Amino acid sequence: MDQFEIDLTEEQARINSVIKKMKQNLSELRAQASSMKTDIVSIRKNFWEDVTVNLDDAVEAGETATSIKQQAEFLAEKEHRHKHLDRDFKNLTRLVESPYFARIDFKEDGDDEVESIYLGIASYIDQNTDEFLVYDWRAPISSLYYDYSLGSAHFTAPGGCISGELKLKRQFIIKNGFIKAMFDTGVTIGDELLQEVLGKQSDSQMKSIVATIQQEQNKVIRNEKGKLLIVQGTAGSGKTSAALQRVAYLLYKYRDSLEAEEILLFSPNTMFNSYIRNVLPELGEENMQQTTFQNYLQHSLGNEFEVEDLFTQMEYMLTAKNDESLLLRKKATKYKSSFEYMEMIEDYLKYLSKQGLIFNDILFRGEILFKSEEIYSYFYSLDSAITITNRIKLLEEWLLDEIKKVEKRERVKQWVEEEIQFLSKDEYQFYFEKLSKQKRFSQETFDDYDREQELLSKYVVKRNLVAVKKGIKSYSFINMKAIYQQLFELSQSKTLEKNDWKRIGEYTVAEIEEGKIPYEDATPFLYLKEKIEGFKVNTTVKYVFIDEAQDYSAFQFSFLKHLFPNAKFTVLGDSNQAIYAHQSYTGLGALSQLFEEEKTEKIELNRSYRSTFEIVNFTSEMLVNKDTEIIPFNRQGQKPVVIKKQSIDDIINGIIEKINLLPEYKSIAIICKTAEESNTVYELLKGFIDVHLVDKRSNEFDKGIVIIPAYLAKGIEFDAVIIFNASNTAYEAESLRNLFYTACTRAMHELSIFYEGELTSFVKDVSRDLYIEE
């Protein structure tokens, strides 16, 4: 028996011993959790039986409140303990299958003994000896595994820096308690383990494989230096996975002061949310809040407008006739995404501080209660040194006070008497009970007609004025639509030609007049609205994560910085995948300006792990920007195949033939340029193969064969990708280069590109020896 076999036998024996202890603890945890659950159910069932209720006087009422509070706290403490037991049980259940994935031997300076440290997705301590049998991958000492080769190494512990020597680095693939593979390596993470993991087929949901975290990814996960962390990562570099593992790390390190709901992730679309939803639970953590920026805009403006989304805007840009209207829309979008437009709005707000706010009349029963001119006069009679927001608040208070005078006037009007006469029996009884509770009547019925009419009049008027008061409190008297439209009359762009600005204004005013708000106007409109009515900042969120940051505009990032003033930001993006090229400079470029006074950390991830060596080399040559080095992981596969056909029908037949020849992959994507093209291809294919159409409304990412627009495929990976019709007619404009690159980089194992007529120059630019022509 050679040394490897001896080591393997010893390691398997240790696993067997550890699993035996884990199973025993699982049995104990199950019994504890069951007992705790029984206690909780009993407490809930008998809650009021165990509470002394006496409201006879203030002292007794106080004692009752104390009794209720004590019982509630007792229940909450039990529920908290049950939650932790449940989490420990789930973690231990996962560990039993695969207790750990690595071992490192570390000799601390000044120590004679070498300590063997085993790393897993959670810590496990021997209940009898208090010895760590498994260390959580997020523990300080675990960073040695990710950051160092054999030799001198150190890590930062709570007590300070610990230096020593890394003597051994061993990696395991363990399934169902048995070692399937074991490697000793001198490098950071052995290629054998990566080959094993990356060679697998994709899944309908992202997996978090902490065993393969690379040194550069570990820097992202454990970075805590600045207010802003920018991660520029090439396609397939694992930036999203590293971001989610960073969330898990933060929840582990600050488990006494940070909750999952205090972390917010902005993802590119709702389908992507389903794709990543299992990552944190696999690591034993609760999911953070997840949303999209579009969802936030829709929530904030959806009651007032039909809010265009980014994908509808993109679809228009890709399918519209290349004429003056399209060119103007692109200019408008670029300008309205910029810091310059934000500065214009700030200047406009200074103007509005002195004059120009537009108000609505306040109506009641079809008549004007307060004329807009009256509201205007009162607002600008207030001290101009007071901010607009605070003056709006004072205006609200004044209007509500005036409503009290209105109430008195309205009580004696004929409509009130008529409404009292037509009160239903139920309404009459409702008012009577309400008055009785206020001890205005002790009799069973009203017995004083005048008093009855007075009180009923008061309540009828109050009831009818509820909507008016609600409107005042929600600032419906501010005509935000007209205020935003006025911006285009009173302001002038410093960079756009006068005629262009005039036409942009006309287009915007017309759209808003119809109750529609273009995507490029949604954030500026909301910013202006919040600056006038009061910014609804969120101070509870401590960490904000933003994926696909290159798709955010300068204006949007500035807005988010206002929205989350207390949060630390982690943004992830790839400038080579900036497909919304009509916007102003991408978010990654704008961020440096926004956070220039605060500490900013930047990390680049240049190594691509998703695709085979051949696919990465092929896609890298498409890029115009050759400054960014993209390093492919050495996982061999087939070269991309470029297939010429004579017609669209021939392409359809070729795709059917190609799919039938592909291995039994879990996921195959037919990527089209637009949603319009995707619909066409779906109709042509659905009778021949089992295929699913993905559009912007899709909430779930499914296995199998999907047809998807290129801009919705961002952030997702597929075993095989088929590009539908990469002709020069479809992909001619230089602005589409990044879109085409993004589509091709979704492929893990195989990439096939069909076209008719002339091939796009994006592929022609690639060396002929990097792909196969058919």
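Values reported hereafter were calculated over all heavy atoms of this structure, with side chains retained and with hydrogens, waters and symmetry mates removed. Note that the structure is predicted; figures quoted are calculated from it, not measured.
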Under the side chain to side chain contact (heavy atoms under 4.5 Å, CB included) criterion, do L297 and Q294 qualify, and how do the steps go? CA-CA 5 Å; L297 293 176; Q294 180 64 32; 4.3 Å; yes
Test E315 against Q313 for side-chain hydrogen bond (donor to acceptor under 3.5 Å, both in side chains), laying out the working first. CA-CA 5 Å; E315 188 74 11; Q313 184 201 65; over 6 Å; no
Before you tell me yes or no, could you show the steps for N679 and E677 under side-chain hydrogen bond (donor to acceptor under 3.5 Å, both in side chains), namely the whole-Å CA-CA distance, both residues' side-chain angles and the distance that decides it to 0.1 Å? CA-CA 5 Å; N679 285 323; E677 187 176 73; over 6 Å; no
Would you please test Y341 and L487 for side chain to side chain contact (heavy atoms under 4.5 Å, CB included) and show each step? CA-CA 11 Å; Y341 191 49; L487 167 68; 3.3 Å; yes
Run the ring pair (Phe, Tyr, Trp, His ring centres under 6.0 Å) test on F754 and F724 for me, step by step, so that the C-alpha distance in whole Å, both residues' side-chain angles and the decisive distance to 0.1 Å come before the verdict. CA-CA 6 Å; F754 286 85; F724 179 83; 8.3 Å; no
Begin from the C-alpha positions of V571 and V231 and carry the test side chain to side chain contact (heavy atoms under 4.5 Å, CB included) through to its verdict. CA-CA 6 Å; V571 300; V231 181; over 6 Å; no
Test log, rule side-chain hydrogen bond (donor to acceptor under 3.5 Å, both in side chains), inputs T495 and E340: CA-CA 9 Å; T495 54; E340 185 184 330; 3.2 Å; yes
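For R329 and Y316, the positive end sits near the middle of the six-membered ring, less than 6.0 Å away and at most 45° from its axis. Cation-pi geometry between K645 and Y755 is not met at under 6.0 angstrom from the ring centre and within 45 degrees of the axis.
The salt bridge (charged side-chain N to carboxylate O under 4.0 Å, His left out) check on E343 picks up nothing, with sequence neighbours excluded. By the side-chain contact (heavy atoms from CB on, under 4.5 Å) test, N617 pairs with F613, P632, L770, sequence neighbours left out. Partners of K673 under the side-chain hydrogen bond (donor to acceptor under 3.5 Å, both in side chains) rule, at least two apart in sequence or in another chain, do not exist in this structure. A search for side-chain hydrogen bond (donor to acceptor under 3.5 Å, both in side chains) contacts involving D521 returns K336, Y484, not counting sequence neighbours. Partners of E773 according to the side-chain contact (heavy atoms from CB on, under 4.5 Å) rule, which considers only residues two or more places apart in sequence or in another chain, are R768, Y771. Taking the side-chain contact (heavy atoms from CB on, under 4.5 Å) definition, one finds that S678 meets it with C672, L693, I707, P709, sequence neighbours left out. The side-chain contact (heavy atoms from CB on, under 4.5 Å) search around D500 returns L328, K331, E497, R503, not counting sequence neighbours. Every residue meeting the salt bridge (charged side-chain N to carboxylate O under 4.0 Å, His left out) condition with E758, not counting sequence neighbours, appears here in chain and number order: K764. Residues forming a salt bridge (charged side-chain N to carboxylate O under 4.0 Å, His left out) with E732 (at least two apart in sequence, or on another chain): none. For the side-chain hydrogen bond (donor to acceptor under 3.5 Å, both in side chains) test, no residue two or more places apart in sequence or in another chain qualifies with Q298. Residues forming a side-chain hydrogen bond (donor to acceptor under 3.5 Å, both in side chains) with E306 (at least two apart in sequence, or on another chain): none. Evaluation of the ring pair (Phe, Tyr, Trp, His ring centres under 6.0 Å) rule for Y682 yields no partner, not counting sequence neighbours.
Of the charged side-chain nitrogens involved, none lies within less than 4.0 Å of a carboxylate oxygen, so that K219 and E601 do not count as a salt-bridged pair. Ion pair E621/R737 not flagged as a salt bridge, since none of the NZ, NE, NH1 or NH2 atoms sits closer than 4.0 Å to an Asp/Glu carboxylate oxygen. The pair D719-K666 fails the salt-bridge criterion, with no side-chain N (NZ, NE, NH1 or NH2) lying under 4.0 Å from an Asp/Glu carboxylate O. Salt-bridge formation is detected for the pair E717/R610: a Lys NZ or Arg NE/NH1/NH2 atom is positioned less than 4.0 Å from an Asp or Glu carboxylate oxygen. Between D547 and K714 no salt bridge is recorded (no basic side-chain N to carboxylate O distance below 4.0 Å).
Scanning both residues, M342 and F559, for their nearest heavy atoms gives CE-N, 4.4 Å. Minimum heavy-atom separation, M314 to I579: CE-O, 3.6 Å. Taking all atoms of both residues into account, the shortest heavy-atom contact from I723 to A743 is CD1-CB, 3.8 Å. In this structure, Q638 and E614 approach most closely via the heavy-atom pair O-CB, 3.8 Å. Closest heavy-atom contact between S752 and K658: OG-CE, 3.5 Å. The shortest non-hydrogen separation linking L759 to V763 is CD2-CG1, 3.5 Å.
Here CZ of F618 is found 6.0 Å from CG of L751. Values are rounded to the nearest 0.5 Å. Atom CD of E756 and atom OG of S647 lie 7.0 Å apart (nearest 0.5 Å).
Ring geometry for Y552 against F266 counts as perpendicular: the plane angle is over 60°, on a 0 to 90° scale with 30° as the lower cut. Below 30°, between 30° and 60°, or above 60°: for Y335 and W501 the angle between ring planes is above 60°, a perpendicular geometry. Using cut-offs of 30° and 60° for the angle between ring planes, the F525 and F305 rings count as perpendicular.
A donor and an acceptor atom, one from each side chain of D574 and Q550, are nowhere located under 3.5 Å apart.
Under a cut-off of 6.0 angstrom, the local environment of CD in E734 is crowded, with over 12 non-hydrogen atoms contributed by other residues, nucleotides or ligands. The environment of D323 atom CG is dense: over 12 non-hydrogen atoms of other residues, nucleotides or ligands sit within 6.0 angstrom.
The aromatic ring centres of F718 and H749 sit 6.0 Å or more apart.
Shown are R697, K696, K516; of these, the salt bridge (Lys or Arg N to Asp or Glu O under 4.0 Å) with D309 is made only by K696.
Distance alone, capped at 3.5 Å, places no donor-acceptor pair between the S491 side chain and the F488 backbone.
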